[in-house]
2 protein chains.
Amino acid sequence: MEDWQSKIISIFNSKQKLSDAAVAALLKKWSHSVQLKRNDFLVSKGQIETNLYYVMSGSMRIFYPVKDEEICAGFAYDHNLICSYPSFIRQQPSDYAIQALTSTALKFIRRSDFYALFGDHHDVETAWRMLEEEALVGKIEREVEMLTFTPEERYKRLMDRSPHIFQIIPRKYIASYLRMSPETLSRIKLV
Amino acid sequence: MEDWQSKIISIFNSKQKLSDAAVAALLKKWSHSVQLKRNDFLVSKGQIETNLYYVMSGSMRIFYPVKDEEICAGFAYDHNLICSYPSFIRQQPSDYAIQALTSTALKFIRRSDFYALFGDHHDVETAWRMLEEEALVGKIEREVEMLTFTPEERYKRLMDRSPHIFQIIPRKYIASYLRMSPETLSRIKLV
DNA sequence: AAAAAAACTTGACGGGGATCAAGAAAATGT
DNA sequence: ACATTTTCTTGATCCCCGTCAAGTTTTTTT
C-alpha cells in the first residue's frame, strides 16, 4: 500500500476501524489525481462539488467570495481531506471556492462512488459520519473562539496551536481567517 | 401512533425513509419525558449530554455562558429535536446550556439506546447522519450571514424568514442571536 | 540578476456599534 | 389587582478596528 493510501485509511480508522474489505473497496475508488499550479482553483464558486479530495502535498485556502471581498474559511495542506462540504452534501452550487496557494497534488474519490460504498460497507458510512461530526463540533468551537476573544488573543491562540501555518500561508489570508484586517494583524505582531 | 411520535418519525423520514422495524425500534426507546418550568435548565454548562430531546411544546434557548455574558446560539420550540450536540457527540462537558423560556414538555431517547439502534437499523444511522449534515451546512450558512450583513440587514432577514420568533422569544435573546446588543436591536426597529 | 508583482508595514482618520445610565413599559407571580 | 421583577427604550459617550494611502520589503517571474 502506498503511503498516501495508508494515510487516508488512518483518517477513517481514527474514527471507526474499517474492515479489510472496506479498505480495499475505498482505495479502489480513491484512485483519481489532480495536479494544481499556484492560484489554480480546485473548486470555483457556483460549481457543484462531485469529489472528495486528499491533499498529498501543497497548500490551499478555502474562502467565500462575497460582495467585493473574500472571507477565508480555512486552509488545507498535507494529509487533509478537503472539499466544498455544503455543495458536496446538498449538491447545490458552491458558495465556497478552493484555491491552491502553492503547487498542489491531490487524490480524489467521486462522491457517487463514495456514497455507493455505504451500502456494502456500513463501517465506511459510520467513519464518515464521525468525521462530519468532528467538522460540526470544530465549527461550533471556532464560532466561540471568534466571538469571545479579541483580535490579539485570537492571533496568539492560533500561534500557540498551529505555528506552522504562519510559515506556509500568506498573512493576509490568516488575517481574514482570524476575522481581522491585514493591517490589524500586522500591528498586533509589533506588540 | 400518537401525534408526537409521527412527528419524530417524519423528521427522520424527511432525510431517509425508515423501515417499519426501524420506526418501531426507535419509538420504543423514545419513551422518556421531562417537564420544565420557565427558567429551568435542560442542560447546564459542564454537564455531559446523554439524551436526545424532542420538544412537544414550549420554547427554549441554547446559549454559551462566557466570561460575564451569555451568547445565544439558537432556539428550539414545537417539533424540534434538540440537545447539546458537541457534548452529545464527544461525551465531554457541555459548553452550551439549554434553558426553558416558557414551560416546556419534552420527550427523549437515551444516547446509548439511540446509538445501539444503528447496528440493526442502518437506515436510522443514515437519517441521523443526514440530519447532522443539515446542521453542519446550517452552521456554515449562518456564519456567512453574520459576517456579510450589517446588524440591520441581519434583523430584516430574520424577520422575513422567521417572524414568529419575535412573538415567542424575548428581544434580548434575539439580539444576542443576531450578534448585536439589545440597544442596537431596539434602535433598528425604530427605523 | 533585474523587473514586476504581490505582500506587508506604518500612519492618519473616521464611524459603527458597544457600553453606561436612567427612565418607561411589559410581564410575572401571589 | 397590585407589587415586583424583568425587559425594552432612548440618549450620551467612547473606542476599537476598518479603511484609505503611501512607502517598503519580499516573492515571483523571466
Side-chain angles (χ1 to χ4, degrees), chain A residues 36-41 58-61 63 65-72 75 97 99-104 145-159 163 165-191, chain B residues 36-41 58-61 63 65-72 75 77 99-104 145-159 163 165-191:
Chain A
L36 299 177
K37 293 195 297 293
R38 183 176 130 85
N39 293 336
D40 283 354
F41 283 85
S59 55
M60 317 201 73
R61 70 171 172 134
F63 67 99
V66 61
K67 294 166 187 172
D68 57 344
E69 54 176 354
E70 299 175 341
I71 297 176
C72 189
F75 307 105
Q99 186 181 30
L101 297 175
T102 61
S103 73
T104 300
E145 183 88 11
M146 292 301 125
L147 285 171
T148 62
F149 296 102
T150 65
E152 184 170 348
E153 290 169 331
R154 300 202 294 273
Y155 163 73
K156 287 186 172 154
R157 292 168 66 90
L158 183 63
M159 199 54 162
I165 285 186
F166 291 85
Q167 256 99 63
I168 306 172
I169 311 284
R171 302 225 189 295
K172 63 172 182 172
Y173 299 135
I174 296 179
S176 173
Y177 177 71
L178 290 175
R179 305 292 178 253
M180 65 184 77
S181 68
E183 292 92 336
T184 295
L185 179 58
S186 180
R187 278 183 252 266
I188 283 171
K189 291 190 307 158
L190 299 179
V191 182
Chain B
L36 298 178
K37 294 195 297 293
R38 184 174 129 87
N39 294 336
D40 283 353
F41 282 86
S59 55
M60 317 202 73
R61 69 171 173 133
F63 66 100
V66 61
K67 293 165 189 173
D68 57 343
E69 54 176 355
E70 298 174 343
I71 298 176
C72 188
F75 308 104
Y77 26 83
Q99 186 180 29
L101 297 175
T102 60
S103 73
T104 299
E145 183 90 11
M146 291 303 125
L147 285 170
T148 62
F149 296 103
T150 64
E152 184 170 350
E153 288 169 333
R154 301 202 294 274
Y155 163 73
K156 286 187 172 152
R157 292 169 64 90
L158 183 64
M159 199 53 165
I165 284 187
F166 292 84
Q167 254 100 65
I168 307 173
I169 313 283
R171 302 226 188 293
K172 62 173 182 172
Y173 299 135
I174 296 179
S176 174
Y177 177 71
L178 290 174
R179 304 292 179 255
M180 67 184 77
S181 67
E183 292 91 337
T184 296
L185 179 58
S186 179
R187 278 183 253 266
I188 283 170
K189 292 189 307 160
L190 297 179
V191 182

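Every chain is numbered from 1, with letters handed out A, B, ... down the list of sequences. Since this is a predicted model, take the numbers as computed values, not measurements. Heavy atoms only: backbone and side chains are in, while hydrogens, waters and symmetry mates are out.
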- [ ] Provide, to the nearest angstrom, the distance between the CD atom belonging to B:E69 and the P atom belonging to C:dG17.
- [x] 17 Å
Open item on the list: Counting only side-chain nitrogens and oxygens, does B:T184 get under 4.0 Å of the OP1 or OP2 atom of C:dA18?
Closed with: yes
- [ ] Measure the distance from CD on B:Q167 to P on C:dA26 and round it to the nearest whole Å.
- [x] 15 Å
TODO: Specify whether A:F41 and A:F63 have parallel, tilted or perpendicular ring planes, treating 30° as the upper limit for parallel and 60° as the lower limit for perpendicular.
DONE: tilted
Task: Step-by-step ring-ring contact (aromatic ring centres under 6.0 Å, His included) determination, B:Y155 to B:F166 - done: CA-CA 11 Å; B:Y155 163 73; B:F166 292 84; 5.6 Å; yes
- [ ] Round to a whole Å and report the spacing from OH of B:Y173 to C1' of D:dC8.
- [x] 13 Å
- [ ] Output the single nucleotide from C:dG29, C:dT19, D:dC20 whose closest atom is nearest the side chain of A:E183.
- [x] D:dC20
Task: Base of D:dC16 paired with side chain of A:E152 (donor-acceptor, under 3.5 Å) - done: no
Task: Interatomic distance, A:I169 CD1 vs C:dA6 P [rounded to whole Å] - done: 18 Å
Open item on the list: With a 3.5 Å distance limit and no angle check, can you tell me whether A:R154 reaches the backbone of A:L178 through a side-chain donor-acceptor pair?
Closed with: yes
TODO: Please determine, for the side chain of B:K189, which listed nucleotide (D:dT28, C:dT9, D:dT9) has the closest atom?
DONE: D:dT9
Task: Nearest-angstrom distance from the residue atom CG of B:L101 to P of D:dT6 - done: 15 Å
Task: A:K172 NZ to C:dA5 C1', straight-line distance once rounded to whole Å - done: 11 Å
Open item on the list: Check B:R187 with B:E183, please: is the shortest side-chain N to carboxylate O separation under 4.0 Å?
Closed with: no
- [ ] Starting at atom CG of A:L178, determine the distance to atom P of C:dC8, rounded to an integer number of angstrom.
- [x] 13 Å
Open item on the list: Taking atom types as they are modelled, would you say the side chain of B:R187 forms a donor-acceptor pair with the base of C:dT19 within the 3.5 Å cutoff?
Closed with: yes
Open item on the list: Rounding to an integer number of Å, can you tell me how far B:I71 CD1 sits from C:dA18 P?
Closed with: 12 Å
- [ ] State whether the side chain of A:S103 and the backbone N or O of A:R38 hold a donor-acceptor pair below 3.5 Å, judged by distance alone.
- [x] no
- [ ] Output the single nucleotide from C:dG17, D:dT28, C:dA18 whose closest atom is nearest the side chain of B:P151.
- [x] C:dG17
- [ ] Let me know, please, whether B:M180 or B:R38 comes out on the 5' side of the other along DNA chain C by nearest nucleotide.
- [x] B:M180
Task: Nucleotide nearest B:P170 (side chain, heavy atoms from C-beta), chosen from D:dC8, C:dG29, C:dG17 - done: D:dC8
Task: Closest nucleotide among C:dG17, D:dT19, C:dA7 to the A:S181 side chain - done: D:dT19
